[in-house]
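Indexing begins at 1, ligand by ligand and atom by atom, following the structure's order.
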Amino acid sequence: MTQPAVKIEPAASTVTRVCVVPGGPVEGKIRPPGSKSLTNRALICAAFASGTSRLAGTLVSEDTEVMIDSLAKIGVSIKPVDGGRTLVVEGVGGVVSDDARKISSDAPVEMFIANSGTTVRFLTAALSAFGGKYKLSGVDRMHERPIGDLVDAIAPALDGWIVATSDGKCPPVDIDSNGWTGQPMRVGGGVSSQYLSGLMMAGPIASKPIRIEIVGEMVSIPYVRMTARLMKSFGGTCEWEFDGDEPWSGLRSVTVGGSYQGCEFDVEPDASAASYFWAAAAISGGSVLVEGLDENASQGDVGFARVLETMGCEFIVRDGGIEIKGGPLRGVDVEMGEISDTVQTLAVVALFADGPTRVRGVAHNRFKETDRIGNLAIELRKLGGRVDEHDDGLTIHPLSSDAQSSHRHDVVMETYNDHRMAMSFALLGLRIPGIEILNPACTRKTYPDFWADLESLTGRSHTWTTNRIGGARAS
Ligand SMILES: O=C(O)C1=C[C@@H](OP(=O)(O)O)[C@@H](O)[C@H](O)C1
Ligand SMILES: C=C(OP(=O)(O)O)C(=O)O
């Protein structure tokens with residue numbers, strides 16, 4: 001560091017920058033926190049179930065807190081045990097009751113959903129099926145993230161009205177509903193799979209089978225399969241119709257039904273979070289075992305470990321987990337539409353490969369916490385290499401050996417309040433000294449303890465930097 005720095009706790013609001021300290025191969029094992037996607041799905045199904053559910057291994061983070069706080073507003077009791085890593089949920093039952101509607105008969109129930117895509121999309125569907133008056137709003141970026149395809153799917157089949165009020169049909173979302181009519185729905189899935197997942201989970205709340213037709217392509221299909229698998233645990237049913245022989249690429253419709261019953265549900269560790277630790281092994285030439293995940297996991301992002309294998313790493317299944325051993329890295333041409341949350345991780349790994357890496361099929365990454373194609377390219381270019389931006393992805397060219405080995409005190413990585421920018425850029429520090437990452441606390445969205453977990457895995461302390469009041473840099 002050119003300036004002296006202090007070591008303080010990452011959670012402190014005064015921390016404005018972090019610099020990860022390199023130091024050879026990363027070796028060890030880790031169990032990431034619970035999956036955000038599974039936690040928020042399980043909360044929806046448990047909330048609208050009859051009876052009590054016990055959800056074990058749940059994620060404690062901003063995205064799950066906004067879901068919990070919102071459900072509490074319609075009378076769902078959610079009791080944290082074990083620091084929130086187990087949640088005991090008393091469901092309100094799926095059947096729309098006059099009592100439930102009375103909760104919001106006058107003013108709308110206001111829910112704050114921060115920048116959580118799963119929360120706003122799943123709740124929009126579930127609450128419109130449940131009935132009542134609601135207003136769902138979030139942070140500025142959330143008001144730029146599209147929800148039009150979901151609102152347009154619900155509106156014609158709603159006894160009531162629903163509208164997304166920001167430009168381009170983005171949240172806030174206003175709902176005034178007496179429930180779904182039972183009419184079939186049609187949903188577009190080219191921007192996000194969360195619309196279909198939300199409608200599917202809401203089906204059993206509507207208490208009559210609903211046919212949902214898929215219009216055009218569907219991105220992030222593994223999350224749709226995850227939805228179906230999780231619904232089954234709570235008593236929901238899904239019947240699929242496909243065009244042609246290729247089941248998932250020819251997805252045409254799903255009819256959802258059943259009713260939710262409380263149950264005991266185990267949440268897997270988060271596979272997107274695991275990507276950072278597998279990547280740490282890949283780029284440092286070390287080996288990292290991620291515990292609690294295997295290829296039968298319901299999260300498609302475990303597939304990221306196979307991409308690393310294609311790049312030259314060793315993929316080992318052992319001790320109830322997947323281990324990645326780093327080796328010389330090859331550039332790859334890879335379709336990542338099914339595992340788009342790991343694009344930023346892969347882009348960092350690709351900088352250390354022996355040839356260019358082309359990432360395809362992730363045009364929808366422009367609609368996430370930030371534009372994860374355009375802004376990713378801008379940040380990676382700061383390292384001095386070449387990154388080409390495409391409509392559907394990126395080509396990342398390897399860094400020169402000079403750029404890989406010199407101290408880079410000149411490089412400050414912007415994170416755009418995107419947790420995955422911060423966690424991916426952390427990996428750069430394992431190879432290149434001096435790079436600073438702004439706003440490290442943005443990992444709170446899905447992984448508040450990320451920096452501490454990285455420290456314990458690497459056995460090295462990062463360097464934290466604070467700002468004086470007024471913005472001047474201080475030690
Ligand atoms: O359903 C889910 O849990 C998710 C689906 C994906 O979103 P898209 O379907 O918008 O790609 C993913 O990026 C997000 O982090 C979680
Ligand atoms: C895209 C993400 O989240 P969400 O869409 O749920 O806000 C993510 O976690 O990378």
side-chain hydrogen bond (donor to acceptor under 3.5 Å, both in side chains) partners for R225, two or more places apart: none

Does ligand 1 have any N/O atom under 3.5 Å from a protein N/O, and what are those pairs and their distances?
unit_1: ligand 1; atom_1: 1 (O); unit_2: R41; atom_2: NH1; d: 3.4
unit_1: ligand 1; atom_1: 1 (O); unit_2: R41; atom_2: NH2; d: 2.7
unit_1: ligand 1; atom_1: 3 (O); unit_2: S37; atom_2: OG; d: 2.6
unit_1: ligand 1; atom_1: 3 (O); unit_2: R41; atom_2: NH1; d: 2.8
unit_1: ligand 1; atom_1: 7 (O); unit_2: Q194; atom_2: NE2; d: 3.2
unit_1: ligand 1; atom_1: 7 (O); unit_2: K368; atom_2: NZ; d: 3.4
unit_1: ligand 1; atom_1: 9 (O); unit_2: S192; atom_2: OG; d: 3.4
unit_1: ligand 1; atom_1: 9 (O); unit_2: S193; atom_2: N; d: 2.7
unit_1: ligand 1; atom_1: 9 (O); unit_2: S193; atom_2: OG; d: 2.5
unit_1: ligand 1; atom_1: 10 (O); unit_2: S192; atom_2: OG; d: 2.7
unit_1: ligand 1; atom_1: 11 (O); unit_2: S220; atom_2: OG; d: 2.6
unit_1: ligand 1; atom_1: 11 (O); unit_2: K368; atom_2: NZ; d: 2.6
unit_1: ligand 1; atom_1: 13 (O); unit_2: D341; atom_2: OD1; d: 2.6
unit_1: ligand 1; atom_1: 13 (O); unit_2: D341; atom_2: OD2; d: 3.3
unit_1: ligand 1; atom_1: 13 (O); unit_2: K368; atom_2: NZ; d: 2.6
unit_1: ligand 1; atom_1: 15 (O); unit_2: K36; atom_2: NZ; d: 2.8
unit_1: ligand 1; atom_1: 15 (O); unit_2: D341; atom_2: OD2; d: 2.5

Rounded distance [0.5 Å steps], CG in D449 versus OG in S456: 9.5 Å

Test item: Y134 side-chain N/O and S177 main-chain N/O as donor-acceptor pair under 3.5 Å: no

Main-chain N/O of M336 paired with S340 side-chain donor or acceptor, under 3.5 Å: no

F304 and W278 aromatic ring geometry - parallel, tilted or perpendicular at 30°/60° bounds: parallel

Cation-pi geometry met for R41 and F122 (6.0 Å, 45°): no

Summary of side-chain hydrogen bond (donor to acceptor under 3.5 Å, both in side chains) pairs that have at least one residue in residues 56-69, sequence neighbours excluded: D63-K445

Backbone N/O of W451 and side chain of H462: donor-acceptor pair under 3.5 Å: yes

Within the 4.0 Å heavy-atom sphere of ligand 2, strictly under, residues: K36, N115, S116, G117, T118, R145, Q194, D341, K368, E369, R372, H419, R420, K445

Flag, side chain of S137 to backbone of P172, donor-acceptor distance under 3.5 Å: no

